[in-house]
Structure formats: C-alpha cells, structure tokens
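Here the structure is laid out as structure tokens; the discussion comes afterwards.
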Amino acid sequence: MIRPLPTVFDQALAAAVRAPSPHNTQPWRFVVEHEVIEVWLDRERVLTVADPHGREARLACGAAAFNLVICLRVNGFAAVVRMLPDPAEPDLVAVIRLDGNQKATAGERRLAEAVFRRHTNRRPLLDKEVPPAARTALKSAALQEGGQIEYLNVSGRYSTVASLVRQAEALQADNPVFRAEAEYWTHREPGSPDGVPKTASGPPPYGPGVVTLRASHENENLPPREYEQEPLLGVLLTRDRGPHAEVRAGMAMQRVLLTATAEGLATSFLSQPFETARTRASLDRIFAGFGQPHTLLRIGYGSPTRLTDRRPVEDVLSHRTGPDVPAS
Ligand SMILES: Cc1cc2nc3c(=O)[nH]c(=O)nc-3n(C[C@H](O)[C@H](O)[C@H](O)COP(=O)(O)O)c2cc1C
C-alpha cells in the first residue's frame, strides 16, 4: 500500500538531511508544494574560504536530492528529477516531482537502507584490499547517475594526486583565515546539530603518510595510530563542468557512497586539493582527458564510527505560500 504523502515526504526529508556536506554545514533548504519538493542551496551555509563558489555545497545538495529520490522510490513512488540551477534562479538546484507509482527494486531498497548508516570514516583503514567486484559496483553506481569513478592505482596518477593533497593541506595550515573557518566548524561538542565533533575525527597519525587527512579532523585525545599506507583512492568526475554538473556529481557521489556502505566499505573525503586554486588547477590538468574532477574519495574497510547529528527537518523546510517565493 502506498503511504499518504505527508508521511512519505517527512521520511524523504529525514533521509535528505543525512547527506554528507563539507564540515557538516548542511547547505540546503527544501520547499514543498503539493507533489513537488525543491532543493535550494543555502548561501548562508556555504564555506566562504574553502568553497567560495559553492561547488562543494552543490555536491552536498545533489547528495541530499539523491537521498530524497531513493527514499521516495522505496515508498513506491516514481520521481522525476529536474536538475538545475538555471541562470535565472541560481540557488534552486533540483526539483523533484512525484510521477505515479512504481515498485522499488531490491537494489534501491539496499541503497535506501544504507542512507541512515553511511558516514564519513576518518580512522585508519584495515589492511584489506577492496575486491574487484566492489570496485566495479562503485564505478557502475557513478555511471548510473551520469558520473564516473577513476581509481588512482590503476590510472597511475596516485603519487601525483597524493602529493597535491599534502601540498594543499600545508597551504591551508599556513593560512590563518582557512584555519579559522575549519576550526569554527570542526571543534564542536558531541550532539551539535551541525559541524564536526571530535568523536567523528580520527587519531593523530604516527608519522607522515602518503595520504594526509585534514589536520583539523584529528582527535588529539586519542593515542596516535599508524594509518594505511596506500588506501584505494577514487576520483569522481563528470563529462561537463559548472553548477549543473556539480549537482549531478553530488547525486553520483551519493549513489557511490551508499553503494560502498551497502558493500560494507568505509569512505572518507580528501578535498584539500579542490580548495586551493593552484592545486585545483593541477587536478583539472591531470584529469583533462577524463572529465571534470569533483571529489576524491578514500575507500576501504574499517570499523564503523559514530554518526554526526543534523539540524531538525523543520529548520530546513518551508511550504510554498506565494507563486514563486519560498516561505521562510
Ligand atoms: C563535498 C564534500 C567534501 C568533503 N570534504 C571532506 C574532507 O576533505 N575531509 C573530511 O574528513 N571530510 C570531508 N567531507 C565529509 C563531511 O565532513 C561529512 O560529510 C560531514 O561532517 C557529515 O558527516 P557524515 O558524512 O559522517 O554524515 C566532505 C563532504 C562533502 C560532501
């Protein structure tokens, strides 16, 4: 039996806000009107130093849109996604409209079930290879949403990209404005409705690794540990570039992350090289033959860590009251 709309929308929105976002900023708002949910970028929550153009925020909104759709699907609804933004309304990133009934597939149910378990795992990974079948599953997940995953070990770009991560991390550590923004969002108490608490961080590394997680995400209350030497790294790309491609990349990223969760894999992000102009230009050059790189994922097996909290749905939801203007 199909459940009544308000309940289904409530569930879909609860799933949407479980999406990942840079420093758990949750840069989204949702507007509901009849059988339509709009996903808006919340400019107030875009990182002004690390993400001045809202690129990472649009990835996060795309991920939230994907969670919405997958949740509607398991409740028996087909959903049409119109991906924006268009120049006239740059902050409206996606419009999701119910489109009749359709039974969910087993694969969709598996992904929907992963929505509330997926989390970023910044702890050391286990010394266990990701098998070819799981790698292929992540590649197919990206392709299904119009994205692409390139693994760095096979493409031979591993050491160059790892060195760009280290370079960007060093540049950001030297930049007081960057450090202040990261500290504002990452030094939260457990239970904070946004930002990253130390409970979601990893232990300090013993020594310098090939791949460097963000220093702002280290939990110095934990004893130092050795990190894996060469984790599997995957770059998510799209053929096109620009705001529209970023929303699409966010949807592809979320299908990849949920597929990874369903496969029992841990994932985390290495976004530092996307956030400084010089390293970002190098990334664009390195992947010029493949497409536009959007994000870099560290993938492997690990022990699950704590989920971070989210703001309540009521704080990010409004109902349309006028012809074009979302109510606040
Ligand atoms: C576009 C994007 C970039 C991110 N970059 C990083 C990063 O560089 N380092 C990191 O540890 N986490 C990164 N994250 C993960 C967020 O910090 C995380 O999603 C957020 O804190 C919510 O936690 P959760 O993913 O465990 O639900 C990124 C997330 C997104 C969507």
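In what follows, residues are counted from 1 in the order of the sequence shown. Keep in mind that this is a model prediction, so the values were computed, not measured. Indexing begins at 1, ligand by ligand and atom by atom, following the structure's order.
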[X] N/O under 3.5 Å from ligand 1 N/O:
X: T120; result: yes
X: R310; result: yes
X: Q272; result: no
X: F269; result: yes
X: T295; result: no

Mind listing the closest non-hydrogen atom pair of W185 and H23 along with its distance?
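In terms of heavy atoms, the two residues are closest at CB-CB, 3.5 Å.
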For the residue pair A15 and N67, what are the closest heavy atoms and their distance?
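Reported closest heavy-atom pair: O-ND2, 2.9 Å.
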Check ion pair [X]-[Y] (N to O, under 4.0 angstrom):
X: E189; Y: K198; value: no
X: R97; Y: E33; value: no
X: R43; Y: D91; value: yes
X: D194; Y: R188; value: yes
X: E246; Y: R241; value: no
X: E113; Y: R117; value: yes
X: K103; Y: E108; value: no

Sole candidate of Q254, R248, R255 that passes side-chain hydrogen bond (donor to acceptor under 3.5 Å, both in side chains) when paired with E145:
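Exactly one pass, corresponding to R255.
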Quick one: which of P273, S271, A63 has a heavy atom closest to atom 3 (C) of ligand 1?
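Looking at heavy atoms only, S271 sits closest to atom 3 (C) of ligand 1.
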When you look for heavy atoms under 4.0 Å from ligand 1, do you find them on the side chain of H119, its backbone, both, or neither?
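Contact part for H119 vs ligand 1: both backbone and side chain.
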I need the contact type for L59 against ligand 1. Using non-hydrogen atoms and a strict under-4.0 Å cut-off, is it side chain, backbone, both or neither?
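Contact part for L59 vs ligand 1: side chain (C-beta onward).
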Supply the atom-to-atom distance R29 CZ to E38 CD, rounded to the nearest 0.5 angstrom.
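Going from CZ on R29 over to CD on E38, the span is 9.5 Å.
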Distance in Å, L213 CG paired with R122 CZ, rounded so as to fall on 0.5 Å steps:
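Reported value, rounded in 0.5 Å steps: 8.5 Å.
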For ligand 1, is there an atom lying under 4.0 Å from some heavy atom of [X]?
X: H294; result: no
X: S268; result: no
X: L213; result: no

Per-atom contacts, ligand 1 versus [X] - under 4.0 Å to a heavy atom:
X: N24; result: 20 (C), 21 (O), 22 (C)
X: H23; result: 17 (O)
X: V196; result: 21 (O)

If you have a sec, work out which protein heavy atom is nearest [atom] and how many Å separate them, to one decimal?
atom: atom 7 (C) of ligand 1; answer: R214 NE, 3.3 Å
atom: atom 23 (O) of ligand 1; answer: T308 OG1, 3.2 Å
atom: atom 19 (O) of ligand 1; answer: P20 CB, 3.1 Å
atom: atom 16 (C) of ligand 1; answer: S21 O, 3.1 Å
atom: atom 17 (O) of ligand 1; answer: R122 NH2, 2.9 Å

